[in-house]
**Student:** 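Please read through the structure below; I'll follow up with questions.
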Amino acid sequence: MSLQATVTRLVAELNPEQRAAVLHSGGPVLVLAGAGTGKTRVITVRIAHLVAGGIPPDNVLALTFTNKAAGEMAERVAQFVGGEAARAMTIGTFHSLGLRMLEQDAKLLGYRRGISLLDAADQAGAVRQCLKRLKIDPKRHDPHLFLTLISNARNSGVSPAQMGASPAHRFTARVYQAYLDWLAAYHAMDFDDLILQAIRLLEEHPEVRDRWRERFKTILVDEYQDTNGAQLRLVRLLAEEHRQLCVVGDDDQSIYGWRGADFRNILHFEEHFPDATAIALTQNYRSTGHILEAANAIIGNNSERRAKKLWTDVGDGDYVQVVTCKDPQGEAAFVAAEIRRRRELEQRPYAHFGVLFRTSAQTRAIEEAFRLAGIPFRLVGAYAFFERKEVKDVLSYLRLLVNAHDEVSLLRIINFPQRGIGPKTIGALHDFAQEIGGSLWNAVERFDTAPHLNETQRRNLGALVEVLGEARRRHREERDLGGLVTWLCDATGAREAWIRDPTEGPGGERRWKTVEHLIRSVTNWQARSPGGELRDYLRLVALDAKSTGEEENRDEVALMTLHAAKGLEWPVCFVIGCQEGLIPHQRTLEDSRGDVSEERRLFYVGLTRARRTAFLTLAKVRLRFHGTEPTRPSRFLREIPNGHRRDIDRVKSAGEVDKSETIRRFEALKARIAGPPRR
């Protein structure tokens, strides 16, 4: 079937609102896509329609916020237009686009040694160093809090001097300036720089701006409500001339204000692009009628939003179940019992159930109840594979193969395994690098003439230079990334060091097993990405290092925060802890502005993850250091009309039965483990 025939068929399958969004031409278009209204289909069919209409694939730029979402979009587009055309397009994240621009032209901004990109842990370490230099105790001040404040300021265009003009923020401004100085000293960039320096590149170098505008003649942006001020500037710089821009998003699902997202970007789209057209998608294909009516009623209490009402033609379905339990243990026991009951009654796999919560502290009772009930689960986002020490060590070695002047990576491994290179020696190497007018790596390469090194240090640095040189040769000639990592771990002595590590229990094997997991990840990625380079894998990890993805296909109940659940769905969904102080969160309630609109959007997102059945649970009391104290139901529960909810009280008999059954199972398990009594 020809591409044109495929597009004709795809367009015919759309509803009228979706069809209007796909076929729109002649200027910017804003597609207001409510939860479950098929926005991904609209974007991908629109891309196919543009290509069928004559737009060259390499002129298409599609942006979203995670590599996973970008990968899914690219796969869907490839099904429509073919793999070759899809690969010619630029489909990725804002940060991957910025990195691509900077890899080509960062030298115009004074970056002469390639790009050393910091991950979140590296950034926190940099802030700790800055605090120490400012004689501020890093144990008393959380580096992550400073990073959040600095990031929000940078993306809003606020300089350290402007921040410091306010006496209340003068302290943070000092750390802000010290952090910028640290980045400059180490020729490093953080994630914000990938956008901010790309903007600077386009603004200060018209020839570069013209080149990228000529390249990307049509631009599509997904999840537009999550953009910040800097991302808006980048989009405007690229699109303001040709104005072939399509953005898709939902202001009702803007839940990342705490990390700089500005939902007003979507509210004011027509002000930024006065010739724009707005099209709303309101037919929901995910949830049943009662769930949608409850969600519409809740979100309708936000005043600053685009008015729209989701609807469905699949029927009313189950009422929204509002369940009150005695305490968090009773709440957890109810969730476990309900999952067991529905799994047996409806023959559902565990993967059909999602349990969502506002804060990670809520998971303890749920985890205990699931373990006692024998329910398999995965706690999403609680453990970042790529943040483990041994994984970061391997990645640092690999980054040095791509960019020997990556000073952050070099500093991480220069004394791992132990080479006798301490802080004083590193300081001497820095001084030597300044003397010869080179980088720290240049100083290491000239270990034989570097001052203040003893014979053991010279020998160890020489071995490091030799092994990295051999690794580069192997990479060029063999192209086996998994084999390269294995060889590198052995040749550097890292494998032996991990296995001997006394902090990892008997035998110290755990760290090496983690590295073996990384090797499988690298090997699988290379098999899925023919022609992919080591640089491509490292870019993927740096931009979206959340998990290896190998656990996602297991039959397990998903436990995750409401923020992490955006974009996902389950046939049966539980939102636990629906009480004041959790949702809306206590920090919001204590804020002088008293604005709970983002918390309401977060609650709305949680409710609309449910396809068939939604449970909203709360505990009557919560545990405190001095005992228990009563809770109040979330105000958002009161906003659900009576005609779309069913209230269940588990405080009395039913809740106690569930909890007693869990305790009985636990006591029976202990008895089996203990064995028969001794005589």
Side-chain angles (χ1 to χ4, degrees), residues 67-68 71 87 96 99 103 114-117 119 384-406 408-419 441 444-445 460-501 504 507-553:
N67 281 329
K68 180 181 177 182
R87 285 190 293 272
S96 67
L99 180 57
E103 283 180 334
I115 297 173
S116 296
L117 183 60
D119 63 18
F385 174 81
F386 287 102
E387 290 183 8
R388 290 205 62 152
K389 177 191 180 302
E390 56 272 29
V391 173
K392 288 171 70 68
D393 290 338
V394 173
L395 294 176
S396 293
Y397 273 109
L398 294 178
R399 290 190 181 105
L400 288 171
L401 303 187
V402 173
N403 175 17
H405 303 291
D406 185 337
V408 174
S409 294
L410 179 56
L411 286 171
R412 182 175 187 88
I413 59 86
I414 197 170
N415 200 38
F416 176 79
Q418 288 286 332
R419 298 186 177 93
W441 174 252
V444 170
E445 281 184 307
N460 289 340
L461 288 178
L464 175 62
V465 171
E466 182 178 348
V467 77
L468 289 177
E470 174 64 13
R472 292 190 187 96
R473 185 195 65 77
R474 286 173 175 263
H475 176 48
R476 285 194 305 269
E477 297 177 2
E478 299 177 11
R479 320 298 292 177
D480 174 12
L481 296 185
L484 175 66
V485 175
T486 303
W487 178 86
L488 197 56
C489 291
D490 286 329
T492 59
R495 177 178 183 171
E496 183 181 354
W498 288 317
I499 292 175
R500 291 200 322 265
D501 188 342
E504 286 295 308
E509 294 280 352
R510 191 179 307 168
R511 288 199 188 277
W512 175 244
K513 289 186 181 298
T514 302
V515 175
E516 288 181 323
H517 192 169
L518 174 66
I519 293 169
R520 289 196 298 274
S521 169
V522 172
T523 302
N524 293 340
W525 174 85
Q526 191 169 32
R528 294 193 306 267
S529 310
E533 300 284 345
L534 175 58
R535 184 186 301 273
D536 300 321
Y537 179 77
L538 293 174
R539 181 189 294 118
L540 178 72
V541 170
L543 294 175
D544 199 16
K546 295 192 174 73
S547 73
T548 60
E550 295 188 7
E551 72 281 0
E552 293 182 0
N553 296 322

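Residues: numbered from 1 along the sequence shown.
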**Student:** Could you tell me whether the side chain of E445 reaches within less than 4.5 Å of the side chain of L461, counting heavy atoms only?
**Tutor:** no

**Student:** Do W525 and D536 have side-chain heavy atoms sitting under 4.5 Å apart?
**Tutor:**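 Yes, at least one pair of side-chain atoms sits under 4.5 Å.
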
**Student:** R419: which residues meet the salt bridge (Lys or Arg N to Asp or Glu O under 4.0 Å) condition with it, sequence neighbours left out?
**Tutor:** none

**Student:** Check the pair L464, Y397 against side-chain contact (heavy atoms from CB on, under 4.5 Å), reporting the backbone distance first and the verdict last.
**Tutor:** CA-CA 10 Å; L464 175 62; Y397 273 109; 4.0 Å; yes

**Student:** Out of curiosity, R388 CZ to H517 NE2, how far, rounded to the nearest 0.5 Å?
**Tutor:**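 Separation between the atoms: 11.5 Å.
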
**Student:** Nearest 0.5 Å, what's the CZ-CH2 distance between R474 and W487?
**Tutor:** 5.0 Å

**Student:** Give, for atom CZ of R399 and atom CG of L410, the distance between the pair rounded to the nearest 0.5 Å.
**Tutor:**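 These two atoms lie 13.0 Å from each other.
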
**Student:** Got a second to check how far K389's NZ is from T514's OG1, nearest 0.5 Å?
**Tutor:**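 Those atoms lie 12.0 Å apart.
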
**Student:** Taking CD in E496 as the centre, count heavy atoms belonging to other residues, nucleotides or ligands within less than 6.0 Å. Is the count above 12?
**Tutor:**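 Incorrect, the count does not exceed 12.
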
**Student:** Can you name the residues that form a salt bridge (Lys or Arg N to Asp or Glu O under 4.0 Å) with R476, not counting sequence neighbours?
**Tutor:** none

**Student:** List the residues meeting side-chain contact (heavy atoms from CB on, under 4.5 Å) with V485, not counting sequence neighbours, and say none if there are none.
**Tutor:** V394, L398, C489, I519

**Student:** Around E103, counting heavy atoms of other residues, nucleotides and ligands shown, do more than 12 lie under 6.0 Å from its CD?
**Tutor:**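 It does: E103 CD has more than 12 such atoms within range.
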
**Student:** Taking Q526 for its side chain and L481 for its backbone only, find out whether a donor-acceptor pair lies under 3.5 Å.
**Tutor:** yes

**Student:** Mind checking the CG-CD1 spacing from D393 to I413? Nearest 0.5 Å is all I need.
**Tutor:** 9.0 Å

**Student:** Say you draw a straight line from CZ of R511 to CZ of R500; how long is it, rounded to the nearest 0.5 Å?
**Tutor:** 13.0 Å

**Student:** In terms of side-chain heavy atoms, does Y537 have a donor or acceptor partner in S521 at a distance below 3.5 Å?
**Tutor:** yes

**Student:** To check you understand the geometry: which heavy-atom pair defines the closest contact between L488 and L401, and what is its length?
**Tutor:** CD2-CD1, 4.5 Å

